Amino acid sequence: WDTTYFIVTSDHGYNLGHHRIPSNKFLLFDHSLRIPMVMRGPGIQPGNNSVLGTNVDYAPTFLALAGIATPSTMDGRSLLSQLVPRELEHELPEPTRQRVQHERRGLAARPWRTEQFVQYYNQGGPSPMHPQGCKQGPGFRPCEGWAPGSSSTPSGLPSDLNKCGFPEHEDLRATVRPLDDYSNTYIGLSCPNCLGDGSHYKYGEYQYVCSSEDIAAFRCFDSIDQYQLFNMSADPYELHNVYQDSASVVKYALASRLRMYYPCKGATCP
């Protein structure tokens, strides 16, 4: 037990009426993004640890617990240097202690990040720009993206719910609901005091159309359709997009920090 770590985490949040959205969980809002994690083991201090981590940090952290370095091609960073206080390093298994000490020395050249990066690519939706070119008709919206539902004839469901022919019959119309929209492709930052002014900002850039080829080649987000900026310090529920009213220096600083993460890879990321 002295060398065992217990880690419990989950999927991220879900909309239950927030922002008048009845369901789904693909948005830039905090209630949709946040992922809980509980960790217990040698050197882990009890209590609430506020660490700017994301789910890409899980794998590097698990490797570090075993004393293994993060491959340079792997996204994310080990959280151990942020979770284990120096005064508790003596509790760590020897391979883990050596790894944590190595990580601390590396912080001089590569400081810990001051923001959290998030990205999401939509699953399709009703749009004249839909890449499938599906045709809309009265009472028939075949381009609803990921739209699970139920039917009295479930065997009639096509295998691919994103096909243009879905839903194929009227029995499904009332039971199928769209869960995503074509406009919901974004990159963003959660930025608590990263600009040094004491404010917690949430910043996002949306590009409505981005092909699979562009996604793979990291060519998206060169033609932004919409910006979101929330001052979380004054507006913790993210009700007021203040992008248009914010100072240019703030918008430029957040946009510049965002481009530090997109399109970085592996150890080149903050």
Side-chain angles (χ1 to χ4, degrees), residues 1-16 18 25 27-70 74-118 188-203 230-239 254 257 260-261 267 269-270:
W1 297 104
D2 293 339
T3 59
T4 302
Y5 288 88
F6 296 88
I7 301 167
V8 179
T9 185
S10 76
D11 201 349
H12 49 99
Y14 204 82
N15 289 304
L16 296 172
H18 305 76
K25 52 183 180 179
L27 305 173
L28 191 59
F29 302 124
D30 250 26
H31 66 262
S32 177
L33 287 181
R34 293 176 71 88
I35 301 172
M37 185 175 80
V38 178
M39 187 172 182
R40 181 173 181 177
I44 304 300
Q45 192 170 25
N48 186 20
N49 292 281
S50 298
V51 178
L52 286 173
T54 70
N55 54 359
V56 297
D57 298 321
Y58 286 169
T61 301
F62 300 157
L63 289 174
L65 288 171
I68 301 172
T70 303
M74 180 180 286
D75 286 344
R77 301 174 65 174
S78 165
L79 298 169
L80 287 192
S81 66
Q82 308 300 302
L83 291 176
V84 179
R86 290 182 184 272
E87 61 269 21
L88 295 183
E89 283 185 4
H90 67 278
E91 297 183 4
L92 301 176
E94 184 59 27
T96 309
R97 179 165 58 251
Q98 292 182 8
R99 190 71 239 155
V100 171
Q101 291 173 346
H102 178 82
E103 290 178 9
R104 291 198 202 281
R105 292 192 295 270
L107 291 174
R110 189 187 179 198
W112 193 256
R113 64 177 76 102
T114 56
E115 56 278 306
Q116 294 167 300
F117 172 72
V118 62
L189 290 179
S190 180
C191 184
N193 198 32
C194 69
L195 302 187
D197 62 0
S199 294
H200 182 174
Y201 295 107
K202 175 78 70 63
Y203 174 74
F230 298 101
N231 186 335
M232 304 285 287
S233 301
D235 179 26
Y237 297 109
E238 300 165 89
L239 300 179
L254 292 171
R257 300 191 81 87
M260 293 165 53
Y261 291 86
C269 299

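Because the structure is predicted, anything quoted here is derived from the model rather than measured.
Atom-to-atom distance recorded for L65:CG and M39:CE is 4.5 Å, nearest 0.5 angstrom. Note that OG of S233 and NE2 of H200 are 7.0 Å apart. Values are rounded to the nearest 0.5 Å. Going from atom CD of E103 over to atom CZ of R110 covers 10.0 Å, rounded to the nearest 0.5 Å. Considering CZ of R97 and CD of Q101, their distance stands at 6.5 Å, rounded to 0.5 Å. For the atom pair L239 CG and F29 CZ, the distance stands at 8.5 Å (nearest 0.5 Å). The NE2 atom of H102 sits 11.0 Å away from atom OG of S81, with the distance rounded to the nearest 0.5 Å.
Two residues are said to be in side-chain contact when any heavy atoms from C-beta on lie closer than 4.5 Å; V84 and E91 fail this criterion. Looking at heavy atoms from C-beta onward, S190 lies out of side-chain contact with L33 at the 4.5 angstrom threshold. Residues L79 and M37 have side chains in contact (heavy-atom distance under 4.5 Å, counting atoms from C-beta outward). A heavy-atom distance below 4.5 Å is found between the side chains of L195 and L254. Under the 4.5 Å side-chain criterion, counting only non-hydrogen atoms from C-beta, Y58 is in contact with I35.
Counting non-hydrogen atoms of neighbouring residues, nucleotides and ligands closer than 6.0 angstrom, the CG atom of D2 reaches no more than 12 such neighbours. Around atom CZ of R86, no more than 12 heavy atoms belonging to other residues, nucleotides or ligands sit under 6.0 Å away. By the neighbour-count criterion of 12 heavy atoms within 6.0 Å, atom CZ of F62 is densely surrounded, having more than that number from other residues, nucleotides or ligands.
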CA sep, side-chain torsions, deciding dist, call: V51, L83, side chain to side chain contact (heavy atoms under 4.5 Å, CB included)
CA-CA 8 Å; V51 178; L83 291 176; 3.8 Å; yes
Pair V8-F6, side chain to side chain contact (heavy atoms under 4.5 Å, CB included): steps then yes or no
CA-CA 7 Å; V8 179; F6 296 88; 5.8 Å; no
Steps toward side chain to side chain contact (heavy atoms under 4.5 Å, CB included) verdict (S78, R99)
CA-CA 10 Å; S78 165; R99 190 71 239 155; 5.9 Å; no
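Not counting sequence neighbours, the partners of F117 by the ring-ring contact (aromatic ring centres under 6.0 Å, His included) test are Y261. Under the ring-ring contact (aromatic ring centres under 6.0 Å, His included) criterion, H18 pairs with H31, not counting sequence neighbours.
Shortest non-hydrogen contact noted between E115 and R113 is O-CD, 3.0 Å. When all heavy atoms are compared, the tightest approach of A59 to M74 is CB-SD, 4.0 Å. When every heavy atom of R77 is checked against every heavy atom of P60, the shortest pair comes out as C-CB, 3.5 Å. Heavy-atom minimum distance, P42 versus T4: CD-O, 3.4 Å. Closest approach of N193 to D197, counting heavy atoms only: OD1-N, 3.3 Å. Residues L52 and T114 approach most closely at CD1-C, 3.4 Å, considering heavy atoms.
Formation of a donor-acceptor pair under 3.5 Å by the E238 side chain with backbone atoms of D30 is found in this model. Side-chain atoms of K202 come within 3.5 Å of backbone atoms of L28 as a donor-acceptor pair (strictly under, hydrogens ignored). With hydrogens and angles disregarded, no donor-acceptor distance shorter than 3.5 Å links the side chain of T3 to the backbone of P93.
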